[in-house]
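First comes the structure, then the notes that go with it.
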Amino acid sequence: MSAIADIPPGCVASYGQIAEIAGVPRGARQVGYVLRTLPEAKDLPWHRVITASGKIAFAKGSDQFREQSRRLAREDVEVRNGKVDMKVFRWQPDLDELIWKHAMDWEEE
DNA sequence: CTGATGACTATAG
DNA sequence: CCTATAGCCATCA
């Protein structure tokens, strides 16, 4: 089970958050491990996974760092100085359903 | 089995 | 904001 695949475009989630959703309350490091040994052919949105403080988990300037920033920027996620504004881009699983619901309401009006 | 490692996190100074 | 510390836990040598 990879909760990572459920992260919608334009949002990010922390390693701990992913772990929790996946049913592993303290598996933040394991999530990192999984991503590290990730098969490329999976098409998993690994770039939407960042640290709890909103920072990209790579060293600024590294290839991976640039790759992730680029992918995020492309998903309309604003990356400033290697960090993402969690208050704005943090993914909240329930939010999906809410937005969906509201979308329905809007259509009715 | 034991100890080191790391795409982590929370807390304290 | 940054460093130090201490938990955390699957994987590996």
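We use all heavy atoms of the structure for the numbers below, so side chains are in, but hydrogens, waters and symmetry mates are not. Protein chains get the first letters and strands the later ones, always in sequence-line order, with residue 1 at the start of each. Since this is a predicted model, take the numbers as computed values, not measurements.
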Classify the nucleic acid contact of A/Phe58 as base, sugar-phosphate or nothing, counting any heavy atom under 4.0 Å across all strands shown.
base
Give one of base, sugar-phosphate or nothing for A/Gly16, where a contact means two heavy atoms less than 4.0 Å apart.
sugar-phosphate
Between [X] ([atom1]) and [N] ([atom2]), how many Å, whole number?
X       : N     : atom1 : atom2 : result
A/Ile56 : B/dA7 : CD1   : P     : 15 Å
A/Leu38 : B/dG6 : CG    : C1'   : 16 Å
A/Ile18 : C/dC9 : CD1   : P     : 18 Å
A/Met86 : B/dT9 : CE    : C1'   : 12 Å
A/Leu35 : B/dC8 : CG    : P     : 10 Å
A/Glu20 : C/dC9 : CD    : P     : 13 Å
A/Ile50 : B/dT9 : CD1   : P     : 9 Å

Side chain of A/Arg29 (C-beta onward), nearest among C/dC8, B/dA7, B/dT9:
C/dC8
Per A/Tyr33 side chain, nearest of listed nucleotides C/dT11, B/dA7, B/dC8:
C/dT11
Just so I know, are the side chains of A/Ile21 and A/Pro93 near enough to count as touching, which here means a heavy-atom distance under 4.5 Å?
yes
4.5 Å side-chain heavy-atom contact, A/Ser69 and A/Ile56
yes
Between A/Arg66 and A/Gly61, is there a donor-acceptor pair closer than 3.5 Å when you use the side chain of the first and the backbone of the second?
yes
Contact under 4.0 Å: [X] side-chain N or O vs [N] OP1/OP2:
X       : N     : answer
A/Tyr15 : C/dC8 : no
A/Ser14 : B/dT9 : yes
A/Lys83 : C/dC1 : yes

From CA spacing to verdict: salt bridge (charged side-chain N to carboxylate O under 4.0 Å, His left out), A/Arg71, A/Glu67
CA-CA 6 Å; A/Arg71 283 175 177 247; A/Glu67 172 68 4; 2.7 Å; yes
Distance-only donor-acceptor test, A/Arg26 side-chain atoms vs C/dC8 base atoms, 3.5 Å:
no
Pick the closest DNA chain C nucleotide for A/Thr37 and for A/Gln30 by heavy atoms, then say which residue is nearer the 5' end.
A/Gln30
Tested for side-chain contact (heavy atoms from CB on, under 4.5 Å) against A/Val12, the lone hit among A/Leu72, A/Val49, A/Val88 is A/Leu72
